[in-house]
Amino acid sequence: QLQACGGGLVQSGGSLRLSCVASERTFTPDTIGWFRQGPGMERQFVAAITWSGSNQLYSDSVKGRFTISRDNADTVYLLMNSLKLEDTAVYYCGAVSSYRNARIRNKYNFWGQGTQVTVSS
């Protein structure tokens, strides 16, 4: 089970940190990814990290502003800096069985509930 939290309302240029907790795990995911879905848009890839933490992947739109990481327990973080209006979306975390599929939404096996991020001017 994946639980996403940490969303909220922030001004443009501000920061937020999202958390994705893999609780009551009966499996070890290969890769955890973050996607986002803006109003009227499809769910889009944001970032991903292997469970070992050794590999990270970012979309071009967030590279250099967002950082994905994992602690020694069961939590994956998405630190979002220099937030822009266009970052407003519901953010979802999911688990995928192979890092090579990290950008592909329909390859994900599990999803957490979304957490709303709203960036205001």
Side-chain angles (χ1 to χ4, degrees):
Q1 185 177 5
L2 300 176
Q3 297 174 317
C5 62
L9 175 64
V10 63
Q11 286 192 323
S12 179
S15 299
L16 278 177
R17 190 178 75 163
L18 306 183
S19 300
C20 177
V21 181
S23 61
E24 302 177 358
R25 286 191 301 112
T26 57
F27 67 98
T28 298
D30 181 88
T31 297
I32 297 291
W34 284 97
F35 283 66
R36 65 187 181 188
Q37 187 167 13
M41 298 178 66
E42 293 187 350
R43 196 172 297 189
Q44 298 177 326
F45 172 76
V46 175
I49 187 168
T50 50
W51 194 247
S52 66
S54 58
N55 297 96
Q56 300 91 40
L57 192 63
Y58 297 94
S59 68
D60 289 343
S61 62
V62 307
K63 195 175 297 182
R65 298 188 298 122
F66 291 12
T67 303
I68 191 169
S69 62
R70 190 199 149 216
D71 65 9
N72 292 328
D74 292 338
T75 302
V76 170
Y77 301 100
L78 185 67
L79 176 61
M80 305 184 296
N81 294 324
S82 303
L83 282 163
K84 304 176 181 179
L85 296 177
E86 52 263 42
D87 294 319
T88 293
V90 178
Y91 284 71
Y92 298 88
C93 63
V96 64
S97 59
S98 175
Y99 180 71
R100 67 175 183 265
N101 293 326
R103 295 180 183 269
I104 306 172
R105 183 187 63 205
N106 62 10
K107 293 292 187 180
Y108 279 69
N109 308 107
F110 301 96
W111 291 100
Q113 87 289 358
T115 185
Q116 175 72 48
V117 172
T118 303
V119 183
S120 64
S121 58

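Any value given below was found using the heavy atoms of this structure, including those in side chains, with hydrogens, waters and symmetry copies removed.
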For Gln56 and Phe66, run side-chain contact (heavy atoms from CB on, under 4.5 Å): C-alpha distance rounded to whole Å, both residues' side-chain angles, the deciding distance at 0.1 Å, then the answer.
CA-CA 11 Å; Gln56 300 91 40; Phe66 291 12; over 6 Å; no

Checking side-chain contact (heavy atoms from CB on, under 4.5 Å) for the pair Asn109/Ser97: CA distance, chi angles, key distance, verdict?
CA-CA 8 Å; Asn109 308 107; Ser97 59; 3.9 Å; yes

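Contact record, Ser61 with Arg36: OG-NH2, 3.5 Å, taken as the closest heavy-atom pair. Annotation for Leu18 and Trp34: closest pair CB-CH2, 3.6 Å, computed over non-hydrogen atoms. Nearest approach of Ser59 to Phe45, heavy atoms of both residues: CB-O, 3.5 Å. Annotation for Ile104 and Tyr108: closest pair O-CD1, 3.2 Å, computed over non-hydrogen atoms. Between Asp87 and Ser82, the closest heavy-atom pair is OD2-O, 4.4 Å. The two residues Ser19 and Thr75 have their closest heavy-atom pair at CB-CG2, 4.1 Å.
Residues Phe110 and Tyr99 are members of separate hydrophobic clusters, defined by side-chain heavy-atom contacts under 4.5 angstrom among Ile, Leu, Val, Met, Phe, Trp and Tyr. Under the 4.5 Å side-chain contact rule for hydrophobic residues, Val62 and Val10 share a cluster. Transitive grouping of hydrophobic side chains (ILVMFWY, heavy atoms separated by less than 4.5 Å) brings Leu85 and Leu16 into a common cluster. Put simply, Val21 and Val46 are part of two different groups of oily side chains (I, L, V, M, F, W, Y) that touch within less than 4.5 Å, one to the next. Follow the hydrophobic side-chain contacts under 4.5 Å out from Val96 and you never reach Ile49; the two are in separate clusters.
Contact annotation: the side chain of Gln11 never approaches that of Leu83 to less than 4.5 Å [non-hydrogen atoms, C-beta and beyond]. A heavy-atom distance below 4.5 Å is found between the side chains of Arg105 and Trp111. In this structure, the side chains of Val76 and Trp51 come closer than 4.5 Å at one or more pairs of heavy atoms. Here the side chains of Ser120 and Leu9 are in contact, with some heavy-atom distance below 4.5 Å.
Taking CG from Asn101 and CG from Asp30, the interatomic distance works out to 9.5 Å, rounded to the nearest 0.5 Å. The line from CD1 of Ile32 to SG of Cys93 is 6.5 Å long, rounded to the nearest 0.5 Å. To the nearest 0.5 Å, atom CD of residue Gln113 and atom CD of residue Gln3 are 6.5 Å apart. One finds the CD1 atom of Ile68 at 11.0 Å from the CG atom of Leu79 (value rounded to the nearest 0.5 Å). Atom CD of residue Gln116 and atom CD of residue Gln37 lie 10.5 Å apart, to the nearest 0.5 angstrom.
Listed by first and then second residue, the salt bridge (charged side-chain N to carboxylate O under 4.0 Å, His left out) pairs involving residues 45-61 are Asp60-Lys63 (not counting sequence neighbours).
When atom types are taken as modelled, the side chain of Thr118 and the backbone of Thr88 share no donor-acceptor pair closer than 3.5 angstrom.
Atom CD of Glu86 has more than 12 neighbouring heavy atoms from other residues, nucleotides or ligands inside a 6.0 Å radius.
Evaluation of the side-chain hydrogen bond (donor to acceptor under 3.5 Å, both in side chains) rule for Ser52 yields Thr50, Ser54 as partners, not counting sequence neighbours.
By the 6.0 Å and 45° rule, Arg43 does not stack over the aromatic ring of Phe35.
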